[in-house]
Amino acid sequence: MYAQGLIGADGASDESEEFLAAFQARIDAEEKIEPNDAMPEGYRKTLTRQIAQHAHSEIVGMLPEGNWITRAPTLRRKAALLAKVQDEGGHGLYLYAAAETLGVSREQMTEELLCGKAKYSSIFNYPTPTWADIGTIGWLVDGAAIMNQIPLCRCSFGPYARAMIRVCKEESFHHRQGYEIVMTLAQGTPEQKQMAQDSLDRWWWPSLMMFGPSDSDSVHSEQSMTWKIKRFSNDDLRQKFIDATIPQAEYLGLKVPDPDMRFNEETGHHEHGEIDWDEFWRVVKGGGKMNRDRIADRKKAWDDGAWVREAALAHAEKRRARQEATLEAAE
Ligand code: FAQ
């Protein structure tokens with residue numbers, strides 16, 4: 001799906017042994033790499049790929065929740081949901097801007113998303129049939145996102161790491177608002193509690209899949225960890241998420257849909273059952289329930305927004321011309 005060779009490759013770096021060793025020494029010394037620094041082409045491509053996928057996920061991730069803005073049960077819930085969805089849009093913009101510093105334009109990235117060549121998180125290809133899903137997304141999806149993104153605040157690439165600091169603060173608010181929605185339902189009528197349980201049943205496994213394939217199948221992890229783009233492996237982060245989330249489910253009186261889940265006293269970890277990797281790859285390759293709708297909706301939003309982009313560019317050009325004329329008149 002994702003043609004990694006298409007974007008972010010300027011072929012500019014001299015990749016001699018000395019160059020690569022000097023670059024790795026900077027990484028090992030925890031120096032931040034900045035956009036104008038020399039960097040191996042693979043580092044640039046890996047970051048462009050990951051940041052673009054991340055940006056797309058934030059933007060496509062607005063759709064399942066946006067679906068509920070007009071149907072939120074109270075004014076307070078509606079205001080919080082509106083703010084959350086706007087935050088996700090902002091995250092997408094910081095991330096597209098961070099990717100642009102690597103030499104790819106936002107238009108190129110968007111084009112790759114809309115023509116089906118770019119990936120975005122598998123989680124956003126699932127439907128949101130009830131209000132409980134909005135709570136569960138905040139609790140599980142934002143919860144998983146935080147677990148994955150806190151280490152990215154220490155990513156070796158400066159613009160990505162700095163963007164992640166603000167993103168994580170906002171995700172933490174999202175997580176709490178989601179948990180509070182699920183808690184209200186879980187402490188409500190039996191029907192409301194059942195709604196919360198059904199939603200947990202729908203989102204549990206897809207949330208675990210958000211962390212990516214198991215370490216043995218993760219093609220990028222080893223190199224990304226050497227370059228300190230990633231600080232933890234996919235399985236390690238998945239485990240941290242499970243260990244943090246199971247007590248939260250227990251507190252709510254809800255049960256994750258995994259008959260094999262058990263706490264191992266010796267290791268201090270919750271051991272989970274088999275993840276259905278066939279489902280993961282099917283969804284990643286476009287076969288999820290909502291893949292087609294998500295891309296169609298995103299394409300419509302991009303096309304409908306063309307006049308806004310044109311007007312903003314025309315306005316910027318007008319301001320530039322006016323400023324130039326003022327400067328000329330003053331000389
Ligand atoms: N879905 O070798 P790895 C959010 C692909 S933001 C689809 O392990 P890597 C906020 C992967 O791209 C959620 N594809 O790859 C929010 C690669 O394919 P490629 C997004 C996936 O990059 C909340 C192949 O599998 N977060 O939720 C997925 O080292 C609520 C092999 O995988 C980020 O993007 C997947 N789940 O590790 C918004 C965080 N997993 O490119 C709205 C930054 C893997 O070779 C509402 N990204 N693949 O064709 C990362 O940390 C990493 O990119 C991983 C994957 C961990 C996702």
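All ligand and atom numbering here is 1-based and tracks the order in the structure.
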**Q** Judging by distance only, is a nitrogen or oxygen of Ser122 under 3.5 angstrom from one on ligand 1?
**A** yes
**Q** For ligand 1, is there an N or O atom under 3.5 Å from any N or O atom of Ser218?
**A**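 The answer is yes, given that Ser218 and ligand 1 share an N or O pair closer than 3.5 Å.
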**Q** Before signing off on this row, confirm whether Glu58 and ligand 1 have an N or O atom pair separated by under 3.5 Å.
**A**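 For ligand 1, there is no N or O atom that lies under 3.5 Å from one belonging to Glu58.
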**Q** When you compare ligand 1 with Asn234, is there at least one nitrogen or oxygen pair between them that comes in under 3.5 angstrom?
**A**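 The answer is yes, given that Asn234 and ligand 1 share an N or O pair closer than 3.5 Å.
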**Q** Does the side chain of Asp198 come within less than 4.5 Å of Gln194's, by heavy atoms?
**A** yes
**Q** Between Lys119 and ligand 1, is there a nitrogen or oxygen pair with a distance under 3.5 Å?
**A** yes
**Q** Between Ile123 and ligand 1, find which residue part has any heavy-atom pair under 4.0 Å and reply side chain, backbone, both or neither.
**A** neither
**Q** Quick one: does Asn148 get an N or O within less than 3.5 Å of an N or O on ligand 1?
**A**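 Indeed, backbone or side chain, Asn148 has an N or O that close.
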**Q** Checking contacts here: is it the side chain or the backbone of Phe211 that comes within 4.0 Å of ligand 1, counting heavy atoms only? Could be both or neither.
**A** backbone
**Q** Show which atoms of ligand 1 fall inside a sub-4.0 Å distance from at least one heavy-atom site of Gln149.
**A** 6 (S), 26 (N)
**Q** Tell me whether Ser199 contacts the main-chain N or O of Met195 through its side chain, where contact means a donor paired with an acceptor under 3.5 Å.
**A** no
**Q** Which is it for Met210 and ligand 1 at heavy atoms under 4.0 Å: side chain, backbone, both or neither?
**A** both
**Q** Out of Ala55, Gly212, Pro64, who is nearest to atom 40 (N) of ligand 1 when you count heavy atoms only?
**A**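 Answer by nearest heavy atom: Gly212.
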**Q** In chain order, what residues pass the side chain to side chain contact (heavy atoms under 4.5 Å, CB included) check against Thr128, with sequence neighbours excluded?
**A** Pro64, Asn67, Trp68, Asp133, Ile137, Trp203
**Q** Does Tyr120 have its ring centroid less than 6.0 Å away from the ring centroid of His54?
**A**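 No, they do not, as the ring centres are separated by 6.0 Å or more.
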**Q** For the pair Lys230 and Glu222, find out whether any cationic side-chain nitrogen is under 4.0 Å from an anionic carboxylate oxygen.
**A**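 Looking at Lys230 and Glu222, the cut-off is not met.
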**Q** Atoms of ligand 1 less than 4.0 Å from Tyr120 heavy atoms?
**A** 1 (N), 7 (C)
**Q** Check whether any heavy atom of His91 sits under 4.0 Å from an atom of ligand 1.
**A**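 For ligand 1, residue contact (heavy atoms, under 4.0 Å) with His91 is absent.
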**Q** Looking at side-chain heavy atoms only, is the closest gap between Asp260 and Glu271 below 4.5 Å?
**A**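 They are not in side-chain contact.
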**Q** Taking heavy atoms and a distance under 4.0 Å, where does Met62 meet ligand 1: side chain, backbone, both or neither?
**A** neither
**Q** Between Asp217 and ligand 1, does any nitrogen or oxygen pair lie at a separation below 3.5 Å?
**A**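 Asp217 vs ligand 1: no N/O contact under 3.5 Å.
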**Q** When the ring planes of Tyr43 and Phe23 are compared, do they come out parallel, tilted or perpendicular, using 30° and 60° as the limits?
**A** perpendicular
**Q** Using 4.0 Å as the upper bound for N to carboxylate O, is an ion pair formed by Asp142 and Lys84?
**A**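 Salt bridge present between Lys84 and Asp142.
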**Q** Can you check whether Glu88 has an N/O within less than 3.5 Å of an N/O in ligand 1?
**A**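 No; the residue has no nitrogen or oxygen that sits under 3.5 Å from a nitrogen or oxygen of the ligand.
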**Q** Using 30° and 60° as the class boundaries, would you call the ring planes of Phe280 and Trp277 parallel, tilted or perpendicular?
**A** perpendicular
